[in-house]
Peer 1: 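Structure incoming, see below.
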Amino acid sequence: MSMTFAIVADAQATIIAVTGEIDLGNSSELRREVLGKLAEGRAVAVDLAGVAYIDSSGVAALVEAYQASRQRHLGFYLQNVSVAAMRVLKLARLDQVFDIRTRPSGEQT
Amino acid sequence: MTVPPDPQLPDDYHRQLDLIAEMSHAFANSRDLDQTLHQGLARVAAFVDAEAASLFLIDEKTGELVCRACVGPVDITGLRLAPGTGVVGKVVEKNQAMFVKEAGRDPHFGALVDAKTGFSTRSILCAPLSVRSERLGAIELLNKAGGQLFHSSDRQLLRTLGVSAALAISNARLTRGLVEQERLRREVELAAEIQRGMLPSHRPKDCPVAGINRPAYAVSGDFFDILPLSDERVAFAVGDVSGKGINASLLMAKTISLFHCLAKAHRRPGALLAAINAELCETAGAGGTFVTMVAGFLDRRSGTILLANAGHEPPLLHQGLTFTSFDADTPPLGIAVDLVPQNMPETWLALGGGCLYLFTDGLTESSCDGVMLGSQGVERMINSVAALDLDHRLTAIIEALTKGAAVLRDDLTLMAVEDFRPKPLFASRFKASPEGLCELRQRVEAAAGAAGCSAESAAEVVLAVDEAVQNILRHAYHGEGDVYLEIRVVAEEGLEIQLIDFAAPVDVSQIGPRPIDKLRPGGLGTHFIRTIMDQVCFLPAPEGAGNLLRMTKALS
């Protein structure tokens, strides 16, 4: 099972929806994508609804994006985190660090 | 009581019969043949009034006629005549008695002996010594006293005595042959006993290596050895010396002694075989003999083996339904020093719950129901006994091959090296790469599920293994490389996972987890591993491998 992105941009942020397994073989693609959008000055949301697996290199890519967003004072959040991805974020104790939302921006109650 | 002579027969005849009876008795009971022959000759010469008498026997090696006994004025004992020479030679050749009335006029008479000895031969009576169709020599009488000629009754007497003397000589030779045979048989028996003592008589207690040897003859050119070492390792070897019989068994004895001694000083089988080869070449015996041999070291803790094969029948690794064979790395031992270098190729293999079989060509070349077994036959036979325990598997195979065969055509040797640890749920050596991790995760998930892990903890185990393999790729290989992974359920610890790589040993302190609060990428994988697994430790890697990581997790 490989990883695919779907990128949707709205007024507030670029939403990168990831499907599949994020591992050492492909996490650098995710990193490049997210850091690229932040560099363009866009807030970024990563939708993890379709993520079946994420390893430490995938988590590291998200951490690096989080750090870059803070430097640039841009929004960065995760949305629709799958059970599998949430388990790994909790193991890394990052579930309290990331801004994790259940719905796309603007629809949050 | 004395039997009165038959009044119808002349006195001479009775005296002759008495002499024949007496001499036959003496020959039949003789313990010192030379002495009996000499006495017999003297008695006959006296009886027929001959001036001299001699007995010649054919030298079995040269075919010459050698004087073994003689009476008369000149001692010619030890005199040698070329085959066919003189009257004696003719008599032997024709196997017929001969009269010579006037020696000087007879074309067969060789005056050489007379010239040498000063004896003057006038008349000769000579009779052959032969038993069945075998010609042994001749007996001759010279110069009947008073210038008379020998009678036909003298010839009769000489022929009759010749027969009993020949029988006695033949019997003595047969007896000597039997004594020699018996001596050799006892020596071979002794050699066989010493040789049996060199092979392990029984499997050392709890040792996962067993062997069996069936010699075709009393002594064997095959051998095997099992040597448990102090550090949970076991050295083992199977070999076959070219040829059979005593020569082969002596070289076998030398090779097994070298193995037994040198296995304690070497850690790698390649260097060990090279050392044995150097010794064998240095003191090479009869030309053309050589030794095919496989030697290995089993690491019991990891169930891994380092193997080296010098021209021997490929060992077979049996795992589930698959067989893997390991071909020879070099030519046989004992031919030339440089053929088996110190750094000869070796094979690293993991038993992974399977069993490694080593054997000699006596096994592959033996016939089962009239058909040569071959390597496929060996595989079938191993499969057919797979349900039995270690010792019974070996005896069952040997019994199946030797049943009904009165005589083995070749020595049979069979050894099995087993993994005594619990059977793994997953065992595989594969080329690890970032791209291959996905497939690995699926297989680990299946194994964890089979071990009874919940879906949640199976997912965690998958993450831990994935991260551990990533660490190997990152820190040990700096790229991609071979990894051997084994997962098994161990009663006390729960799930046990073992990862072996073949890179240079890594400084473990450099890959410890970083404080998680620092929020820096990297080091997170190690944190995952330590959080998910109950115990994580590096163990001394087996010989031939780089690093061994062992992780355990209790099964709830």
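Order of the sequence lines fixes the chain letters, A, B, ..., with proteins taken first and strands second; residue numbering starts at 1 for each chain.
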Peer 1: Name the one of B:I500, B:L549, B:D501, B:V444 that satisfies side chain to side chain contact (heavy atoms under 4.5 Å, CB included) with B:L485?
Peer 2: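 Passing option: B:V444.
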Peer 1: Check whether B:E460 gets within reach of chain A through its side chain, its backbone, both or neither, counting any heavy atom under 4.5 Å.
Peer 2: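 When you check distances to chain A, only side chain atoms of B:E460 fall under 4.5 Å.
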Peer 1: Give me the ring orientation class for B:H318 and B:Y357: parallel if the planes are under 30° apart, tilted from 30 to 60°, perpendicular past 60°.
Peer 2: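 If you compare the ring of B:H318 with that of B:Y357, the planes turn out tilted.
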Peer 1: When only pairs under 4.5 Å are counted, which of B:L463, B:L437, B:D466, B:I532 shares the most heavy-atom pairs with chain A?
Peer 2: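 Maximum pair count with chain A is reached by B:L463.
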Peer 1: Please flag which part of A:I54 lies under 4.5 Å from any non-hydrogen atom of chain B: side chain, backbone, both or neither.
Peer 2: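 Interface part for A:I54: backbone (N, CA, C, O).
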Peer 1: Is A:V83 in contact with chain B via its backbone, its side chain, both, or neither, using a 4.5 Å heavy-atom distance?
Peer 2: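 Contact with chain B involves no heavy atom of A:V83 at all.
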Peer 1: Please check if the side chain of A:D47 supplies one atom and the backbone of A:A17 the other of a donor-acceptor pair under 3.5 Å.
Peer 2: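 A pair under 3.5 Å: no.
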Peer 1: Indicate whether any N or O donor in one side chain lies under 3.5 Å from an N or O acceptor in the other, for B:E486 and B:Y484.
Peer 2: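 Checked: B:E486/B:Y484 side chains pair up, N/O donor to acceptor below 3.5 Å.
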